[in-house]
Amino acid sequence: MSIGNSNTVAGLMAKKDGSFGILIECPGGFVNVDILEKILEISRKHEARVHLTTSQKIMLLDLNKEAGVKAISLIEEAGGKIKKTVDISQAMTCIGKPHCPLSFQETLPLAEYLYSETARIKIPPKLKVGISGCPACCSWANLVDIGFVGSKSGFKVLIAGHGGYKPKVGIEIGKIATPEEAASVLKKAADLLINHISKKGRFDMVIEKLGIETVKCELGFQ
């Protein structure tokens with residue numbers, strides 16, 4: 001792995017203060033002990049700060065370039081996944097059934113399946129995904145590009161929501177019953193984003209461009 005400049009090191013993020021950081025993915029919100037041990041080792045050796053991000057990832061901050069490159073190798077050797085490209089990545093996920101008394105559905109199997117099937121699909125801008133076991137939407141599944149919200153019979157599918165300074169609640173377009181159906185929706189959504197939106201756009205702009213009925217049809221909902 002080259003360390004000539006920050007842009008040649010996949011996963012190494014240059015910060016405005018001259019330091020570097022890395023972003024560790026935690027599919028389903030989980031991180032195993034081996035990875036935690038490496039994070040502890042890196043943090044102690046290089047005085048790196050450990051930040052839990054709002055998207056359920058772990059960020060190591062205040063690294064120099066050499067330490068950052070070494071940290072990436074150590075985390076990957078322990079089985080960890082470093083965020084390296086603009087892709088779908090992991091879904092923000094609540095703990096779900098049976099761990100939450102309010103939840104209608106298990107969320108973790110769906111999160112793990114979506115990560116295995118869609119995480120490395122490259123997209124031009126962001127495509128945030130959320131999974132909630134019930135309408136309380138603790139994982140903000142009602143305020144992301146593609147949200148799966150647990151109901152008594154499967155998951156409701158919400159699209160085109162987002163946070164930011166002008167938050168927008170997602171539009172409910174139908175239901176899915178299996179992880180395979182959810183992955184199909186997500187892959188089709190990624191295709192729409194790739195084909196119709198520029199680098200700075202979000203999924204709500206697909207609806208503005210094509211219309212909600214066309215988008216619903218493209219995603220498999222008549």
Side-chain angles (χ1 to χ4, degrees), residues 1-96 99-100 103 106-123 125-133 137-141 143-147 162-165:
M1 190 171 1
S2 171
I3 57 173
N5 62 65
S6 63
N7 292 327
T8 65
V9 184
L12 191 62
M13 303 177 294
K15 304 299 182 180
K16 289 184 178 180
D17 63 358
S19 68
F20 294 85
I22 65 173
L23 192 59
I24 304 162
E25 296 181 340
C26 304
F30 286 103
V31 55
N32 70 40
V33 173
D34 290 339
I35 297 170
L36 287 175
E37 287 177 342
K38 291 299 180 183
I39 290 171
L40 179 61
E41 176 186 330
I42 294 162
S43 180
R44 283 178 169 167
K45 182 175 181 179
H46 300 288
E47 298 184 345
R49 288 186 292 169
V50 181
H51 174 63
L52 304 180
T53 76
T54 57
S55 59
Q56 296 181 328
K57 300 180 182 71
I58 297 174
M59 185 177 287
L60 291 182
L61 298 169
D62 301 331
L63 297 163
N64 62 40
K65 184 180 289 187
E66 183 179 359
V69 172
K70 181 61 175 176
I72 290 173
S73 295
L74 288 173
I75 296 297
E76 290 182 332
E77 287 170 6
K81 303 292 184 182
I82 304 295
K83 180 73 171 176
K84 293 183 176 181
T85 60
V86 181
D87 51 32
I88 292 179
S89 188
Q90 70 184 69
M92 294 181 288
T93 310
C94 75
I95 196 64
H99 309 288
C100 174
S103 186
E106 291 185 88
T107 57
L108 304 180
L110 176 57
E112 292 168 0
Y113 185 82
L114 288 182
Y115 188 81
S116 69
E117 292 294 314
T118 68
R120 297 285 80 92
I121 296 176
K122 293 183 179 179
I123 50 176
K126 295 178 181 178
L127 184 65
K128 292 187 176 182
V129 183
I131 302 171
S132 292
C137 288
C138 295
S139 59
W140 307 107
L143 287 169
V144 293
D145 298 289
I146 308 293
H162 60 74
Y165 65 94

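Everything quoted here is computed from the prediction, not taken from an experiment. Every heavy atom of this structure was used, including side-chain atoms; hydrogens, water molecules and symmetry mates were not.
In this structure, Val31 and Ile24 have side chains that are not in contact, with every pair of non-hydrogen atoms separated by 4.5 Å or more. Residues Lys57 and Gln90 form a side-chain contact, since some pair of their non-hydrogen atoms from C-beta on lies under 4.5 Å apart. Side-chain contact between Thr53 and Ile58 is absent, with no heavy-atom pair separated by less than 4.5 Å. Side-chain contact check for Ile123 versus Val86: some heavy-atom pair is nearer than 4.5 Å. Looking at heavy atoms from C-beta onward, Ile42 lies in side-chain contact with Ile75 at the 4.5 angstrom threshold. Put simply, the side chain of Ile121 does not reach to within 4.5 Å of the side chain of Leu127, judged on heavy atoms. No side-chain heavy atom of Thr54 sits under 4.5 Å from any side-chain heavy atom of Trp140. At a threshold of 4.5 Å between non-hydrogen side-chain atoms, the residues Glu106 and Leu110 do not count as touching.
Here the options are Leu114, Ile146, Val144, the test is side-chain contact (heavy atoms from CB on, under 4.5 Å), and the partner is Ile131; only Leu114 passes.
Nearest heavy atoms, Lys83 versus Ser89: NZ-CB, 3.1 Å. Smallest separation of non-hydrogen atoms from Asn64 and Phe20: C-CD1, 3.8 Å. Between Ala141 and Ser132, the shortest heavy-atom distance links the atoms CB-OG, 3.4 Å. Taking every heavy atom of both residues into account, Leu63 and Ala48 meet most closely at CD2-CB, 3.7 Å.
Enclosure of atom NZ in Lys15 by more than 12 non-hydrogen atoms of other residues, nucleotides or ligands within 6.0 angstrom is indicated.
For the atom pair CD1 (Ile35) and CD (Glu76), the distance works out to 10.5 Å, reported to the nearest 0.5 Å. Of the inter-residue distances, the one linking His46 atom NE2 with Asp62 atom CG reads 12.5 Å to the nearest 0.5 angstrom. Note: Cys138 SG to Ile95 CD1 = 11.0 Å, rounded to the nearest 0.5 Å. For the atom pair Ile39 CD1 and Arg44 CZ, the distance stands at 13.0 Å (nearest 0.5 Å). With rounding to the nearest 0.5 Å, the separation of CD1 in Ile82 from CD1 in Ile22 is 4.0 Å. Put simply, CG on Leu12 and CD on Glu66 are 11.5 Å apart, with the number rounded to the nearest 0.5 Å.
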>> Could you go through Met59 and Met13, starting from their C-alpha distance and side-chain angles, then the distance that decides it, and tell me whether this counts as side chain to side chain contact (heavy atoms under 4.5 Å, CB included)?
In response: CA-CA 10 Å; Met59 185 177 287; Met13 303 177 294; 4.0 Å; yes
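With sequence neighbours excluded, the residues that form a salt bridge (Lys or Arg N to Asp or Glu O under 4.0 Å) with Lys38 are Glu41. Partners of Arg120 under the salt bridge (Lys or Arg N to Asp or Glu O under 4.0 Å) rule, at least two apart in sequence or in another chain, are Glu25, Asp87.
For the residue pair Ser139 / Thr93, no side-chain donor-acceptor distance below 3.5 Å is found, with atom types taken as modelled.
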